[in-house]
> 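First the structure, then my questions, so here it is.
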Amino acid sequence: MASDTFSSFKRASLCSLMILGSSLVLTGCGEDSSAPQAEQSSMKTLNTQITYLDRSMLPPGSVLKVQLADVSKMDVKAEVISEQEIQLDGAPPYDVALEYDESKIADRHRYSVSARIENQGKLLYISTTHNNPFAEDAAGDLYEVTVTKVSAKKPDVTLTNTYWKAVTISGEAITVENKEPFVQFKDDGSTNGHLGCNNFSGSYEVNEQALTFKPLASTKKMCVSQMDIEAAMSAALAATAKYSINGEQLTLLDDSDEPLATFAATYMN
């Protein structure tokens, strides 16, 4: 009787060990939940179409560069998400596919597609607006971006023999009610113009970028309007110590390089 009981106990123990062993084997073959999961990247394609509105023909060797960038941070360089560069042949529009990782696109970030056309390092066209392809109103299979032609810089106008119309004084735009204030410089060192109410004349001295007016004589007419402009114009001329010309704009500066007044070159028909 005792022998039968011992045999039954051995069979029960053996079965328990076999079940436990099977459990260990299954557990060992199963997936380890603590193991790091491989990061899944979801690649998407942003199909863009780049165009410009004028009918200019691009010179041979022109290159189009298109970027998708994160522009959320204003004080740091934009993070480029995707970019493409293609050689251009023919007229626009130009189709460019930008491959990007969707996992890098955050809901609350701002993104923009920028485009530029260059030729031998010279910029010809550039996008000048914010182009967010993920905005709600940007739905569609093709995202369009328009680039604008870069204006060629006009050569600097000469100080002398130019009619300089006053545009701003002390940073304030001039509102003309009667005759516009202006100044002219002659090659012989003489100057003349209009202050806003009265005409003036006299002489000036110039040495490279240094410029000073000698005491100026003016008419003594009293005006109902523009006397404030006349006073500001007279003060600006009296304080002038330097000048600069950028294209068709003349700026008079004081001895601390602070701008006093700006003028635009004007051409009479």
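These numbers come from a predicted model, not from an experiment.
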> Thr175: what forms a side chain to side chain donor-acceptor pair (under 3.5 Å) with it, not counting sequence neighbours?
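Per chain and number, Thr175 pairs via side chain to side chain donor-acceptor pair (under 3.5 Å) with no residue.
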> Which pairs count as disulfide bond (SG atoms under 2.5 Å apart) when at least one residue sits in residues 187-258, sequence neighbours excluded?
Cys197-Cys223
> For residues Asp95 and Gln49, is any side-chain donor paired with an opposing acceptor at under 3.5 Å?
yes
> When you compare the side chains of Asn198 and Thr219, does any donor N or O come within less than 3.5 Å of an acceptor on the partner?
yes
> Kindly state each residue pair satisfying salt bridge (Lys or Arg N to Asp or Glu O under 4.0 Å) with at least one member in residues 226-235, sequence neighbours excluded.
none
> Table please: side-chain donor-acceptor pairs of residues 118-125 below 3.5 Å, with sequence neighbours left out.
| residue | atom | partner | partner atom | Å |
| --- | --- | --- | --- | --- |
| Glu118 | OE1 | Lys65 | NZ | 3.2 |
| Glu118 | OE2 | Arg116 | NE | 2.8 |
| Glu118 | OE2 | Arg116 | NH2 | 3.1 |
| Asn119 | ND2 | Pro59 | O | 3.4 |
| Asn119 | ND2 | Pro60 | O | 2.9 |
| Asn119 | ND2 | Ser62 | OG | 3.1 |
| Tyr125 | OH | Asp54 | OD1 | 2.9 |
| Tyr125 | OH | Asp54 | OD2 | 3.1 |

> Return the set of residues passing side chain to side chain contact (heavy atoms under 4.5 Å, CB included) with Ala265 (not counting sequence neighbours), or none when no residue passes.
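Side chain to side chain contact (heavy atoms under 4.5 Å, CB included) check on Ala265 returns Val157, Thr162, Trp164, Glu248, Tyr267.
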> Could you name each residue pair satisfying ring-ring contact (aromatic ring centres under 6.0 Å, His included) that touches residues 189-210, not counting sequence neighbours?
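Checked against ring-ring contact (aromatic ring centres under 6.0 Å, His included) - neighbours excluded - the pairs reaching residues 189-210 are Phe185-Tyr204.
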> Tell me which pairs pass salt bridge (Lys or Arg N to Asp or Glu O under 4.0 Å) where either residue lies in residues 182-210, with sequence neighbours left out.
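As it turns out, the salt bridge (Lys or Arg N to Asp or Glu O under 4.0 Å) pairs with a partner in residues 182-210, which skip direct neighbours, are Glu205-Lys214.
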> Which pairs, with at least one residue in residues 80-127 and sequence neighbours excluded, count as a disulfide bond (SG atoms under 2.5 Å apart)?
none
> Could you check whether any side-chain N or O of Ser103 sits under 3.5 Å from a backbone N or O of Ser42, counting only pairs where one atom can act as donor and the other as acceptor?
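Pair absent, no side-chain N/O of Ser103 close to backbone of Ser42.
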> Is there a side-chain contact between Val147 and Ile117, using heavy atoms and a 4.5 Å cut-off?
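They are in contact (side-chain heavy atoms under 4.5 Å apart), so the answer is yes.
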> Is a donor from one side chain sitting under 3.5 angstrom from an acceptor on the other, for Asn246 and Ser244?
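No, Ser244 and Asn246 have no side-chain donor paired with an acceptor closer than 3.5 Å.
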> Just by distance, with hydrogens left out, do Ser225 and Asn178 show a side-chain donor and acceptor under 3.5 Å apart?
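Short answer, yes.
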> What pairs meet the ring-ring contact (aromatic ring centres under 6.0 Å, His included) rule with one or both residues in residues 82-102, with sequence neighbours excluded?
Tyr100-Phe134
> Identify all side-chain donor-acceptor contacts of residues 80-91 below 3.5 Å with residues at least two apart in sequence or on another chain.
| residue | atom | partner | partner atom | Å |
| --- | --- | --- | --- | --- |
| Ser82 | OG | Glu99 | O | 2.7 |
| Glu83 | OE1 | Gln67 | NE2 | 3.0 |

> Sequence neighbours left out, what passes side chain to side chain contact (heavy atoms under 4.5 Å, CB included) with Asp257? Give chain and number order.
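Testing Asp257 for side chain to side chain contact (heavy atoms under 4.5 Å, CB included), a comparison that skips the adjacent residues, returns Lys242.
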> Quick one: ring-ring contact (aromatic ring centres under 6.0 Å, His included) pairs with a partner in residues 214-235, sequence neighbours left out?
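Residue pairs passing ring-ring contact (aromatic ring centres under 6.0 Å, His included), neighbours aside: none found.
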